[in-house]
2 protein chains.
Amino acid sequence: MHDICAAPMAGRRERKKQRTREALVDAAFRLFQEKGFDATTVEEIADEVDVSSRTFFRYFASKEDVVLTFQEEQFTTMLEALSSRPAAEPVLTALRNAAVSVIRACENGQYGFDPERFGCIQQMMESSPAVFGRSLEHGQKKQSEITRIIAERMGVDPAADLRPHVMAGLANCAFHSAFEVLAAGVAKTDRFSEVVDEVFAVMEDELAYRSEKETATG
Amino acid sequence: MHDICAAPMAGRRERKKQRTREALVDAAFRLFQEKGFDATTVEEIADEVDVSSRTFFRYFASKEDVVLTFQEEQFTTMLEALSSRPAAEPVLTALRNAAVSVIRACENGQYGFDPERFGCIQQMMESSPAVFGRSLEHGQKKQSEITRIIAERMGVDPAADLRPHVMAGLANCAFHSAFEVLAAGVAKTDRFSEVVDEVFAVMEDELAYRSEKETATG
DNA sequence: CCAAAACTGTCATGCTGTGACACATGTCGT
DNA sequence: ACGACATGTGTCACAGCATGACAGTTTTGG
């Protein structure tokens, strides 16, 4: 109860939990890839690791949560990347660079990311609406953290200024669009990072072009 | 079986179905507002109309579907508005005007929209993640229709050009951002239409501003 | 008025997710 | 090493969503 050191591997119990968790994730992804997300039941996943279904739900709030765990990791990494972008960069550029660099890291297996699993997630997003929906939801929930960082970078108060919120939304939007474009087969490449980069490019170009014209709001 | 006239009110059966459907929607929204979306069960809704739960699911694919029905209507109206925007307008301006006009119509009770129900939906989006998630999902699914119209307007092939996809994504994004901003209490107004308009304005201004600077992607 | 089509209710079933309680295991102070 | 306490797990029970199957009823149309 002293909490002397917040080390990740305190005792045996912690290690065991960690192992169980990883085993569950492994089993889940294996089954997801074999039979698809929807066709895989929580019971099957739990059986594979030889724990009860109840235990599964003590580790993950829902079946989708297994997948979202990785979104979470990527997201955290992205936030760090964003924070360390030079202050001289325009906001959208910083977002673009941060996003692209992290996704590239996933694809290349850097920082402990598993490229195969990354691909598997992409597949599931396309094939299972439930996963996709939860992912959108998760992204929206996490958007506030991006907003905070952007507001800091812009030197404005996020409670009184729309702009950081909208910019954070654009980042989220870029992800979704990239997914949609990839699923629709419109992109020339299969690399998610390149698609995201292109999407950002389109945003910048298209909106810049737009601003040359009149802003007739009538 | 002749299908001589495709009139909406063919026979008594059709009318009855329509009445049941409306009764279900009414009951659902009443209960949602009383007890909240999550606390309301399908059985309660069905009981209120004196039909079985099974019948409820013959009208709606899910509980969330009751709410999404209205999103659907608004969306359709928005597509029509978009199609009839003058071709001279830049794409984003057309999207902005189409979106704002439809939302204003909802708020003012035009075209048969119920402002009270519109407000109720807004409330539920904020309070129930399930509804919000499904709404995002739905929006993403419907995005392709916006894409098609925009592609037509731009005179490009949506199967080979990213731009219409990204622009459609921006429209979706504007909605989400508006919701988020509204829920966070950042906006100076409570009118959804005004918030959406502002969000579009920020997109245009901010990205135009950005384009003045260098596009250093390194 | 009768036969086909469509709608509904009932029943059975599967899956997700949660609460309660007992049992086993790990942890920590002494 | 031993006992007290905290924590994790299994089992059981349960509510809710959603779907398939089948039988009974109403509507439709000739």
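Using a 4.0 Å cut-off on heavy atoms, the residues of residues 123-134 of chain A that approach DNA chain C are A:Arg134, listed by number. Of the residues in residues 47-63 of chain B, B:Asp50, B:Val51, B:Ser52, B:Arg54, B:Thr55, B:Arg58, B:Tyr59 come within less than 4.0 Å of DNA chain C through at least one heavy atom, sorted by number.
C:dG17 atom P lies 9 Å from atom CG of A:Asp65, rounded to whole Å. Note: CZ (A:Arg13) to P (C:dG26) measures 8 Å, nearest angstrom. Rounded to whole Å, atom P of C:dC15 lies 15 Å from atom CD of A:Glu64. In this structure, B:Asp38 atom CG and C:dT16 atom P are separated by 19 Å, rounded to whole Å. For the pair A:Glu43 CD and D:dT11 P, the computed distance is 11 Å after rounding to whole Å. At whole-Å resolution of the value, CZ in B:Arg19 and C1' in D:dT26 are 13 Å apart. One can place CZ of A:Phe37 at 14 Å from P of C:dC15, the figure rounded to the nearest angstrom. One interatomic measurement links the two molecules: CD of B:Glu44 to C1' of D:dC17, which rounds to 14 Å at whole-angstrom precision.
A:Arg134 and B:Glu137 are not joined by a salt bridge, as no carboxylate oxygen comes within less than 4.0 angstrom of a charged side-chain nitrogen.
By the salt bridge (charged side-chain N to carboxylate O under 4.0 Å, His left out) test, A:Asp47 is found to be paired with no residue, residues two or more places apart in sequence or in another chain being considered. The side chain to side chain contact (heavy atoms under 4.5 Å, CB included) check on B:Asp65 picks up B:Phe60, B:Ala61, B:Ser62, B:Leu68, with sequence neighbours excluded. Among residues two or more places apart in sequence or in another chain, the side chain to side chain donor-acceptor pair (under 3.5 Å) test is passed with A:Asn108 by A:Arg191. For A:Phe75, the ring-ring contact (aromatic ring centres under 6.0 Å, His included) test picks out no residue, with sequence neighbours left out. Listed by chain and residue number, nothing satisfies the salt bridge (charged side-chain N to carboxylate O under 4.0 Å, His left out) test with B:Lys63 (two or more places apart in sequence, or in another chain). Residues satisfying the salt bridge (charged side-chain N to carboxylate O under 4.0 Å, His left out) test with B:Glu72, not counting sequence neighbours, are B:Lys142. B:Glu198 pairs by the side chain to side chain donor-acceptor pair (under 3.5 Å) definition with B:Lys188, not counting sequence neighbours.
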Distance-only donor-acceptor pairs under 3.5 Å for side chains of residues 171-179 of chain B, two or more places apart:
from	atom 1	to	atom 2	distance (Å)
B:Asn172	OD1	B:His176	NE2	3.3
B:Asn172	ND2	B:Gly139	O	3.1
B:Asn172	ND2	B:Gln143	OE1	3.0
B:Ser177	OG	B:Cys173	O	3.2

Residues 21-29 of chain B side chain polar contacts: donor-acceptor under 3.5 Å, at least two apart:
from	atom 1	to	atom 2	distance (Å)
B:Arg21	NH1	B:Tyr59	O	3.4
B:Asp26	OD1	B:Arg117	NH2	2.7

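Put simply, B:Lys16 has a side-chain N or O that comes within less than 4.0 Å of OP1 or OP2 on D:dT27. Distances shorter than 4.0 Å separate some side-chain N or O of A:Lys17 from OP1 or OP2 on D:dG8.
Each end of the helix from C:dC1-D:dG30 to C:dT30-D:dA1 gets its own rotation axis from five pairs of C1' atoms, and the angle between them is 20° to the nearest 10 degrees.
Proximity of a side-chain donor or acceptor of B:Gln33 to a complementary backbone N or O of B:Cys120 within less than 3.5 Å is not detected.
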